[in-house]
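Note sheet for the following structure.
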Amino acid sequence: MKVVVLGSGGREHAICWRLAQSALVKEVVCVPGNGGTACEKKCRNVMASTAEEMVEVAIAEKCAFVVVGPEEPLVYGIADKLWAAGVPVIGPKRQGAQLEASKDVAKAFMEKYNVACAKSVTVTKAEEAHEYIEKFGVPIVIKADGLAAGKGVVVAKEIKDAHDAIDSFMKDGLLGDAGKKVVIEEYLRGVEISVLAAVSVSPTSAENGKATIVPFLPARDHKRLNDGAQGPNTGGMGAVSPLDDISEKTMAEFDERILKPTLKGMVTEKYDYRGFIFFGVMLTDDGPKLLEYNVRLGDPETQAVLPLMDFDFAAMCRSILEEDLDSFTFAWKDGYVCAPVAVSGGYPGNYEKGLEISVDDVAFSATGAKLFVAGGTLKNEKLVTSGGRVLSCAAFGKTFDEAHKASYDAMKAVSFDGMFYRKDIGLPGAAQSN
Ligand code: AMP
Ligand code: GLY
């Protein structure tokens, strides 16, 4: 079969690579893809910008299904459009995508279905928000309701920062409509983990008791720019999976308090959600609590989790769509993946683009790592930088130390002007914690 993947980042490169390894897949069409997918076996990049063009490509390619990488097209209803055109989609319809598009919708869902999470209130007037902040005090978390490309959450330790966040979101309109409504949330102390999962929920599967969410191995992103979780926030400086600091008890609590109530909510609300979900979880002294849902796979967690899969990714997608995920056999490689990310000099501020990326192929292959391109494109047949987060080197090891060493040996075989990466991905003290 032929499969279409929408998106252009490192996550999408990993998805294309994994799909291309399936004996079921003849070709992966990447829309628009990047310099990494352009060079991947069995993969071909095709340009399309609007939703209509994407649907046209999916139809013209006669693909078996489309996998949607990022949240934006899902929020704007690409899945609804594709299903309406007769094309099966891995990714929720608009209704389910609201779990990421609106923090208010997500919190209302969590509260209604008893998903363990921080207490919160939603406000639409700045004066009311200021009153709540005075009442609750700090630390406190201020979240813009809408999509804000990672700029919509302020963890305020000082009261002034909380009030300033309200003013910038609600009065100055820093985030446009996304900040008109704000969620004010209890501050949670703990360490963060990411759980990505496959979801197969539809009114039909709900009726015949086959609605399912299957979690993948837990992973961890590293959002701060510098070692030791210091410096500004980024789109993610590297990921590891699985995690040694998560006990079976914690995962059982995650299942009972977060996953199962989420599934119940999706079924009760009659979602048609066949795709992936990302649980951003804080491990607190009171057990795991949900910080956020994303309606897609995580980036860069995908680059660490997919190489650990010991099953056919395309077959799993088919099983999600055919609603027999409850009987699909998941198996995982016995080991670890460490996937540090290399970024452009100056990122997350301004940075140059178009810089040539060179790879010492002999040294790189010796590590067994896989290079995933995030912000890189082909120019005159050479790979050049085209974004802030440029690439990641994902390496497998029987032990975490082996995976860590191999991924950094691979990183040393790659270079571009201004290249920067954290050296401590997955090491103690590297995780985001409060
Ligand atoms: P979110 O987009 O909701 O995941 O928030 C972005 C980041 O803000 C998270 O990854 C956490 O590091 C932090 N954060 C969000 N909510 C809370 C909370 N209730 N308590 C403490 N930190 C939080
Ligand atoms: N790594 C966090 C995210 O994908 O949103």
Side-chain angles (χ1 to χ4, degrees), residues 7 9-12 14-15 68-72 74-75 99-107 109-110 115-122 136 138-157 161-162 165 169 175 178-179 182-197 216 218-224 229-230 232-241 258 276-286 288-306 339-341 372 374 389 392 425 431-434:
R11 164 184 52 210
E12 287 77 25
I15 293 171
V68 186
E71 67 280 9
E72 258 209 339
L74 293 167
V75 169
L99 287 180
E100 178 164 358
S102 164
K103 301 266 186 209
D104 180 36
V105 168
K107 291 299 298 199
F109 180 97
M110 291 177 211
V115 177
C117 65
K119 292 193 204 78
S120 69
V121 289
T122 298
F136 296 142
V138 282
I140 198 161
V141 184
I142 313 293
K143 298 184 172 185
D145 175 56
L147 288 184
K151 297 190 167 55
V153 177
V154 173
V155 179
K157 301 260 166 78
D161 296 341
F169 293 167
L175 303 171
V182 162
V183 172
I184 300 176
E185 195 171 276
E186 169 199 11
Y187 172 83
L188 296 178
R189 208 172 288 281
V191 186
E192 288 181 52
I193 65 164
S194 310
V195 184
L196 320 183
F216 299 159
R220 178 169 284 135
D221 187 6
H222 297 69
K223 289 219 176 92
R224 302 296 197 94
Q230 302 296 312
N233 257 323
T234 70
M237 296 298 291
V240 283
S241 179
I258 296 176
F276 301 112
I277 194 158
F278 169 119
F279 300 94
V281 178
M282 186 73 90
L283 303 180
T284 74
D285 287 346
D286 288 337
K289 292 198 176 169
L290 187 65
L291 293 175
E292 63 164 347
Y293 292 115
N294 292 324
V295 298
R296 46 164 176 85
L297 292 175
D299 191 338
E301 289 90 331
T302 299
Q303 292 88 309
V305 173
L306 264 54
V341 169
F372 290 124
R389 290 192 302 152
S392 62
I425 299 303
Q432 181 82 9
S433 63
N434 287 323

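First listed ligand is number 1; within each ligand, the first listed atom is number 1.
Ligand 1 has a nitrogen or oxygen under 3.5 angstrom from a nitrogen or oxygen of L188. Inclusion of R11 in the set of residues having an N or O under 3.5 Å from an N or O of ligand 2 is not warranted. Inclusion of Y187 in the set of residues having an N or O under 3.5 Å from an N or O of ligand 1 is not warranted. At a 3.5 angstrom cut-off on N or O pairs, E292 does not count as close to ligand 2. Where the criterion is an N or O separation shorter than 3.5 Å, residue side chain and backbone included, K223 fails it with respect to ligand 2.
The D221 neighbourhood of ligand 2 comprises atoms 1 (N), 2 (C), with distances under 4.0 Å to a heavy atom of that residue. For ligand 1, the atoms lying closer than 4.0 Å to a non-hydrogen atom of E185 are 16 (N), 17 (C), 18 (C), 19 (N). Proximity to E301 (heavy-atom distance under 4.0 Å) selects the following atoms of ligand 2: 1 (N), 2 (C). Close contacts between ligand 2 and G298 involve ligand atoms 4 (O) [criterion: under 4.0 Å to a heavy atom]. Near K103, the atoms of ligand 1 lying under 4.0 angstrom from a non-hydrogen atom of the residue are 1 (P), 2 (O), 3 (O).
Of all protein heavy atoms, the one closest to atom 16 (N) of ligand 1 is K143 NZ, 3.0 Å. The single protein non-hydrogen atom nearest to atom 17 (C) of ligand 1 is L291 CD2, 3.5 Å, given as residue, atom name and distance. Nearest to atom 5 (O) of ligand 1 among the protein's heavy atoms is V153 CG2, 3.5 Å. Atom 22 (N) of ligand 1 has N434 ND2, 3.5 Å as its closest protein atom, hydrogens excluded (heavy atom only). Protein heavy atom in closest approach to atom 10 (O) of ligand 1: E192 OE1, 2.8 Å. Protein heavy atom at the shortest distance from atom 14 (N) of ligand 1 is V155 CG2, 4.1 Å.
Of the possible donor and acceptor atoms, one in the side chain of R389 sits under 3.5 Å from a partner among the backbone N and O of G235. At least one donor-acceptor pair under 3.5 Å links the side chain of R11 to the backbone N or O of L297. A donor-acceptor distance shorter than 3.5 angstrom exists from the side chain of E100 to the backbone of V295, with no hydrogens or angles considered. Judged purely by atom type and a 3.5 angstrom limit, D145 uses its side chain to pair as donor or acceptor with the backbone of K103. Without hydrogens or angle criteria, R296 side chain to F278 main chain gives no donor-acceptor distance under 3.5 Å. A donor-acceptor pair is defined here as one N or O able to donate and one able to accept, closer than 3.5 Å; no such pair exists between the side chain of H222 and the backbone of M237. Side-chain atoms of S241 come within 3.5 Å of backbone atoms of P218 as a donor-acceptor pair (strictly under, hydrogens ignored). With hydrogens and angles ignored, the 3.5 Å screen pairs no side-chain donor or acceptor of T234 with any backbone N or O of R224.
Contact annotation: for V141 versus ligand 1, heavy atoms closer than 4.0 Å belong to the side chain alone. Of the heavy atoms in R296, only side-chain atoms (C-beta onward) come closer than 4.0 Å to ligand 2.
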Next item on the list: Go through the steps for V153 and K143 under the test side chain to side chain contact (heavy atoms under 4.5 Å, CB included), then give the verdict.
Entry: CA-CA 5 Å; V153 177; K143 298 184 172 185; 4.0 Å; yes
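At a 4.0 Å cut-off, not a single heavy atom of R189 sits close enough to ligand 1 to count as contact.
By the 4.5 Å heavy-atom criterion applied to side chains, Y293 and I277 are counted as neighbours.
One distance of note links CZ of F279 with CG of N294; it measures 11.0 Å at 0.5 Å rounding.
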